[in-house]
A.B. asks: 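Pasting a structure here, questions to come.
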Number of protein chains: 2
Amino acid sequence: MIRSKFSVSVHILSLMAGQPDEWLSSEYIASSLNSNPALVRKELSVLREAGLIESKEGKNGGSRLGKATKDIRMSDIFLLVKNGHVFGFAPNEPNPKCAVGARINGALDELFGEIDNSIFQKLQSITLAEFTKKYF
Amino acid sequence: MIRSKFSVSVHILSLMAGQPDEWLSSEYIASSLNSNPALVRKELSVLREAGLIESKEGKNGGSRLGKATKDIRMSDIFLLVKNGHVFGFAPNEPNPKCAVGARINGALDELFGEIDNSIFQKLQSITLAEFTKKYF
DNA sequence: TTGTACTGTAATTTTAAATATTACAGATTG
DNA sequence: CAATCTGTAATATTTAAAATTACAGTACAA
């Protein structure tokens, strides 16, 4: 998974959950994240494509939630930002002439799938509504 | 968690599991990993410190398992290489003047702890002996 | 109908993290 | 005592992540 995308997405969705009737600008979101608008927009486009948010272009535009907070699960966000397995393989292709080298990545791939699934199960049990209760 | 340390450690331990009576040199291990000896030695020192392996210096030296494969759990390796949470926080400190910014990392920290725990539970159920059965 | 304030996207630069390399003192064996 | 290994640190390189810049396109509002 890419380093911090999950945190960034949860942060964005939390801001929207707190002001469901406002169109939040990328500038505003960036200031809460202490980041910059272009990077936020990139992340917004991922969330939008998945239907979690909707955006409005032009003056007074911005983004807001596309679903009720109780209908957004933390696992939805996880699946969006996860790219390959959560755990990473070794940087180089192992030596195929070695008995272990030839097969380990297959075995790890299987294990990593199970790990991803454990995380998914956990996150599926938590909605954005429940999560944001912690600070609203 | 640091990118690929888990995979590298599992690979190393698997090699040793396959040749329990040999002292494997860092050179040999590196060739299976398609990596280099110095990096392998660094990882070996982590495993050694945890008692998972033992090493012998000098000529004909090397490393081998310090425990039976059935007594090494994948969670032991996980705890060694895990550094902070598996999931990462956003790169910058969020804006503390913002209601969400001020509290989100606390909420995420709690959630991330639960995720780490889900992974731990899963990995605790698998021994190195079971894992290596997949390719021996 | 035009200025302003947004989005969307791509290209580029910068920074930070991971990985690789080099080097060498110390240990052990034959 | 020569050869072969470890242990460790310092440095260099590579790669990935994040930040910045830029600008065309859209919508509102005066």
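Chain naming here is simple, since letters A, B, ... match the order of the sequence lines and numbering starts at 1 in each.
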A.B. asks: Mind checking what makes side-chain contact (heavy atoms from CB on, under 4.5 Å) contact with B/Ala50, not counting sequence neighbours?
C.D. replies: B/Leu52, B/Leu80
A.B. asks: Who pairs with B/Gln124 by side-chain contact (heavy atoms from CB on, under 4.5 Å), at least two apart in sequence or on another chain?
C.D. replies: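 Applying side-chain contact (heavy atoms from CB on, under 4.5 Å) to B/Gln124 gives B/Arg73, B/Ser75, B/Phe120, B/Gln121.
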A.B. asks: Could you pull out all residues at least two apart from B/Asn117 that satisfy side-chain hydrogen bond (donor to acceptor under 3.5 Å, both in side chains)?
C.D. replies: none
A.B. asks: Do you see a donor-acceptor pair shorter than 3.5 Å between the side chains of A/Glu54 and A/Ser63?
C.D. replies: no
A.B. asks: Give me the ring orientation class for A/Phe112 and A/Phe89: parallel if the planes are under 30° apart, tilted from 30 to 60°, perpendicular past 60°.
C.D. replies: tilted
A.B. asks: Report yes or no: does B/Ser7 contribute a side-chain atom to a donor-acceptor pair with the main-chain N or O of A/Gly88 at less than 3.5 Å?
C.D. replies: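 Yes, because the side chain of B/Ser7 sits within donor-acceptor range (under 3.5 Å) of the backbone of A/Gly88.
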A.B. asks: Can you pull out the residues from residues 36-44 of chain A that lie within a 4.0 Å heavy-atom distance of DNA chain D?
C.D. replies: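 The answer is A/Asn36, A/Ala38, A/Leu39, A/Arg41.
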A.B. asks: What heavy-atom pair brings A/Met74 and A/Val10 nearest, and what distance separates the two atoms?
C.D. replies: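 It is CE-CG2, 3.8 Å.
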A.B. asks: Find the distance B/Asn34:CG to C/dA20:P and express it as a whole number of Å.
C.D. replies: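 In whole Å, C/dA20 P and B/Asn34 CG are 9 Å from each other.
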A.B. asks: What closest approach, in Å, do B/Ile126 and B/Glu130 show between heavy atoms, and which atom pair accounts for it?
C.D. replies: CA-OE1, 3.4 Å
A.B. asks: Listed by chain and number, what are the side-chain hydrogen bond (donor to acceptor under 3.5 Å, both in side chains) partners of A/Arg103, not counting sequence neighbours?
C.D. replies: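 In terms of side-chain hydrogen bond (donor to acceptor under 3.5 Å, both in side chains), with neighbours along the sequence ignored, A/Arg103 is linked to no residue.
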A.B. asks: Expressed in angstrom and rounded to an integer, what is the separation of A/Leu47 atom CG from C/dG8 atom P?
C.D. replies: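 Result: 11 Å.
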A.B. asks: What are the atom names and distances for every N/O pair under 3.5 Å that joins the protein to nucleotides 28-30 of chain C?
C.D. replies:
unit_1, atom_1, unit_2, atom_2, d
C/dT28, O2, B/Lys59, N, 3.1

A.B. asks: At less than 4.0 Å, is any side-chain N or O atom of A/Arg48 found next to OP1 or OP2 of C/dG8? Yes or no.
C.D. replies: yes
A.B. asks: For A/Glu110, enumerate each residue passing the salt bridge (Lys or Arg N to Asp or Glu O under 4.0 Å) test, keeping only those at least two apart in sequence or located in another chain.
C.D. replies: B/Lys134
A.B. asks: Rounding to an integer number of Å, can you tell me how far B/Leu33 CG sits from C/dT21 C1'?
C.D. replies: 16 Å
A.B. asks: Could you give all pairs that pass the ring-ring contact (aromatic ring centres under 6.0 Å, His included) test and reach residues 7-30 of chain B, with sequence neighbours left out?
C.D. replies: none
A.B. asks: Using a cut-off of strictly less than 4.0 Å between a heavy atom of the residue and any atom of DNA chain D, enumerate the qualifying residues of residues 22-29 of chain A by number.
C.D. replies: none
A.B. asks: Within this structure, what is the CG-to-P distance between B/Asn83 and C/dA16, rounded to whole angstrom?
C.D. replies: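 From B/Asn83 CG to C/dA16 P: 18 Å.
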A.B. asks: Partners of B/Glu93 by side-chain hydrogen bond (donor to acceptor under 3.5 Å, both in side chains), sequence neighbours excluded?
C.D. replies: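 If we apply the side-chain hydrogen bond (donor to acceptor under 3.5 Å, both in side chains) test to B/Glu93, skipping adjacent residues, there are no hits.
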A.B. asks: Looking only at side-chain N and O atoms, does B/Ser35 come under 4.0 Å of OP1 or OP2 in C/dA20?
C.D. replies: yes
A.B. asks: Which residues in residues 91-101 of chain A have a heavy atom closer than 4.0 Å to any atom of DNA chain D?
C.D. replies: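 DNA chain D contact set from residues 91-101 of chain A: none.
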A.B. asks: Could you tell me which residues satisfy side-chain hydrogen bond (donor to acceptor under 3.5 Å, both in side chains) with B/Thr69, sequence neighbours excluded, listed by chain and number?
C.D. replies: none
